[in-house]
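What follows is a single structure, written as C-alpha cells, with notes after it.
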There are 4 protein chains.
Amino acid sequence: MINRVVLVGRLTKDPELRYTANGIAVTSFTLAVNRPFSNQQGNREADFINCVVWRKQAENVANYLKKGSQAGVDGRMQTRSYENQEGRRIFVTEVVAESVQFLEPKNASGGGGFGSQESYGNPSPSPNPYEPANDGFQRNQGQAPGSGGQKGQTDLSDDPFASDGKPIDISDDDLPF
Amino acid sequence: MINRVVLVGRLTKDPELRYTANGIAVTSFTLAVNRPFSNQQGNREADFINCVVWRKQAENVANYLKKGSQAGVDGRMQTRSYENQEGRRIFVTEVVAESVQFLEPKNASGGGGFGSQESYGNPSPSPNPYEPANDGFQRNQGQAPGSGGQKGQTDLSDDPFASDGKPIDISDDDLPF
Amino acid sequence: MINRVVLVGRLTKDPELRYTANGIAVTSFTLAVNRPFSNQQGNREADFINCVVWRKQAENVANYLKKGSQAGVDGRMQTRSYENQEGRRIFVTEVVAESVQFLEPKNASGGGGFGSQESYGNPSPSPNPYEPANDGFQRNQGQAPGSGGQKGQTDLSDDPFASDGKPIDISDDDLPF
Amino acid sequence: MINRVVLVGRLTKDPELRYTANGIAVTSFTLAVNRPFSNQQGNREADFINCVVWRKQAENVANYLKKGSQAGVDGRMQTRSYENQEGRRIFVTEVVAESVQFLEPKNASGGGGFGSQESYGNPSPSPNPYEPANDGFQRNQGQAPGSGGQKGQTDLSDDPFASDGKPIDISDDDLPF
DNA sequence: TTTT
DNA sequence: TTTT
C-alpha cells in the first residue's frame, strides 16, 4: 500500500552508524523540520523526525552529514514496538529513508570536498525499505565493515560505537532479504 | 521546510471524534498500511500509523469511515511530547492529515450513501497543518458542535465521547489560528 | 535529487501493454485525478496524468486494471522529448510508476478475482525508475513475453498489440540497466 | 483525489513573474532535477519540470531565486491544454507549487540577505492549488502589483515583462477563487 | 529551450 | 492496542 514520506530538514546531531551482526550498516539520525508557521506564542516550532538508512547509504550519511547538515529524505513511515527495561511495550514511529540527498553547498563546513549528490545504497536502489530498525544494535567487534576511510569520515568520531553500550539484539535473521 | 506524507491503508478501528473546549472537531484514527513485501518468516507485515484530522474533515471522517475502511491521507508528519502519569516524557510521532480520501466503493458497507469523495475542511483547504494534537481532549459538554446529523453518522456510536474519560488539557489558546 | 509523485485516480482507458525489442514489458495509462474544488463555473475538473510502468508491474496493470479502475501510483516525474512527424520537437512530461496499487474492491467489476494488492515488478522493487518511455514501441513479434495467461487477463484484448501500428524505435540499448 | 508532488532541483533560468489582469502574481520556472543514476551511455540525465506559483509566493520566488538556485517544491500535478498558433491542441503537464523552499545557503550568491526560508503566499497556505496556469498572461499595464521593492529584487530584471510579447488571454474570471 |  |  502507498506509504511515502519526503522531508527536508537539518540533522539534530551527528548521525550514528552501527552494524548488524552480519556487518550490514545502518545509520540513524533525527531531522529537525521547521514548521511553516508560528504557533500561538509567535514562535516557529519544528518536528523532530527519527530516520534510519541502511547499507551503503548508511555509510554515506555517516561520512558526509553531521549535526546541522541540511538533508532531504525520501522514504517510508515505519512503526515497530519493543519492550523497555520496565517491561512496557513502547511504540515507535520512524522514517526508513530510501534515499538521502545532501543539500549542503559544495563549499560548506570548512572545506569538505562533498557536494549536493544523493546517496544511494546500490545501483538498484530501494531494495527493501522494510528493514528492521530495532533499538539495540550489534556492536561491531572488529570486523571490517567494508567502507572505512572514505573522505569526509575524519570529521566524525573515530569510533562510531564508543558511546553505544546497548546489548546485542539484532541478528541478520531479522533482515528480510 | 518540506514535510509531506501520503498514505493509503485501512482504519484499524472506528475513528474517534472529539472537540476542543471551543468546539473544534478533531478526529484521530490509525491506518494499517501493509508493507509490500513479506518478512523473513514469510508474513506480510503492516505499519500502524496514527493520524489526526481537524474541523470539517474530522467530522467527515468520523461520519463516513469506520474500522476496516480504506482511506488515503495526504498530510504532514508531526512530533510532540507529553508527560505521562508517571512523569515520563513520551514522544509521539503522527500524521496530521490535510486531506482524507475515502476509497471505499460507493456501494460498500451495506447501504451507506457515500462514495469515493475527498474530505476537505473548508473551501481554502489546509489552513494550518500544525494544529496541536495532544493526547487528551475536552469532553464536549452539551454544546452543539455544528455538524451532527450528517447521513452516515448512524453507523457510528451515538455518543462519540462515551468512552472518553480523559482529563481536559487542551484549550483553544493552544490552537495557532 | 528528490523527485516523488503520489497519485490516486481512475484509468481513462484500458492500459496499453507493449514490449521492447528485448521483451521488456511496458504499460502506459492515463490517470484522471479529480481536483478537490470546483472551478469558476462550478464544475469539478480533473487532471489527466500519463503514467508508465515497466516489467512485471506492467503486466499486472495490463491484466488487472481497465478503464475506470481506481488505482494509486507512487513514482517519479519524467520529461523527455521527441521529434514529431513535422520535425517539431515535442516535450513530454509523465509519471514513471514505481508501484501501482489496485484500489478496486475485491468484488468489483462483475467478478474478477483480483483484490487490492499492490503491483511490484520484482523482489527488489523500483530498480531504476528512469527507464525510457519513448513514444513508439517494438511490436512484439511472436516471442513469449513471459507472462501470458495470468488470471484476469481474459477480460483484456487477446492481442494487446493489435491496435499498435507504431514504428520500431526503441531497443534495449536504450535501457539503462 | 490524491495528487502530490515533491521535487528538489535547480532553476534552469531566472523565474518569470507575471500578473493577471487583476494583479494576481504568478511565477513560472523550470526545475532541473537530476536523475539518481546514469543512462546506458554513462551520463547523468535530468528531468526538466515546469512549475508555477501564485500570489505572494510568486513574488518571493521571483525575488529570491534565479538561474541555478536550488529549491524544493511541494505541490500538485496539473494538466491543461490550449490551441497553438497552428490551431493544434497542445497538452501541458506542470506542477502547481503550494510551497517553495529556498535551499541556497544564507551566504550564497554574493550578498543577498536571504536564507533558507520557505515561501508561502499567506498565513493560511495553499488556498486553491488549482489555479489556471495558461500559457499567455496579461501584461501588467502600470497598476501597482502590491509587492515591488522587496530586498533582493535588484538582481532581477527591472521589468519582468520586458521580454513578454504574448497576447492577453487570461482574465481573473479564470481564477477559481 | 535547460541546472550544479 | 491493530486493517483486508
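Below, chains carry the letters A, B, ... as their sequence lines are ordered, and counting in each starts from 1.
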Separation of atom [atom1] in [X] from atom [atom2] in [N], rounded to whole Å:
X: Leu65(D); N: dT3(E); atom1: CG; atom2: C1'; answer: 13 Å
X: Met77(C); N: dT3(E); atom1: CE; atom2: P; answer: 19 Å
X: Arg35(D); N: dT3(E); atom1: CZ; atom2: P; answer: 15 Å
X: Lys67(D); N: dT2(E); atom1: NZ; atom2: C1'; answer: 8 Å
X: Asp47(D); N: dT1(E); atom1: CG; atom2: C1'; answer: 16 Å
X: Leu11(B); N: dT2(F); atom1: CG; atom2: C1'; answer: 11 Å
X: Leu7(D); N: dT2(E); atom1: CG; atom2: P; answer: 19 Å
X: Leu103(D); N: dT3(E); atom1: CG; atom2: C1'; answer: 14 Å

Proximity to the side chain of [X] - top-ranked nucleotide from [options]:
X: Asn50(D); options: dT3(F), dT2(E), dT2(F); answer: dT2(E)
X: Phe48(B); options: dT3(E), dT3(F), dT1(E); answer: dT3(F)
X: Phe91(A); options: dT3(F), dT2(F), dT4(E); answer: dT2(F)
X: Arg89(A); options: dT1(E), dT1(F), dT3(F); answer: dT1(F)
X: Arg10(D); options: dT2(F), dT4(E), dT2(E); answer: dT4(E)

Got a sec, which residues hit side chain to side chain donor-acceptor pair (under 3.5 Å) with Gln85(C), two or more places apart in sequence or on another chain?
->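 Side chain to side chain donor-acceptor pair (under 3.5 Å) check on Gln85(C) returns nothing, list empty.
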
Apply side chain to side chain donor-acceptor pair (under 3.5 Å) to Arg89(B) and list each qualifying residue two or more places apart in sequence or on a separate chain.
->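 Result, side chain to side chain donor-acceptor pair (under 3.5 Å) vs Arg89(B): Ser81(B), Glu83(B).
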
Side chains of Ser38(B) and Asn43(B), donor plus acceptor under 3.5 Å | no

Given the options Val61(B), Val96(B), Thr27(B), Val52(B) meets side-chain contact (heavy atoms from CB on, under 4.5 Å) only with Val96(B)

NA contact type, Gly68(B), heavy-atom cut-off 4.0 Å: base, sugar-phosphate, or nothing?
-> sugar-phosphate

Between Val8(C) and Gly72(C), which heavy-atom pair has the shortest distance, and what is it?
->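 So the two residues come closest at CG2-CA, 4.1 Å.
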
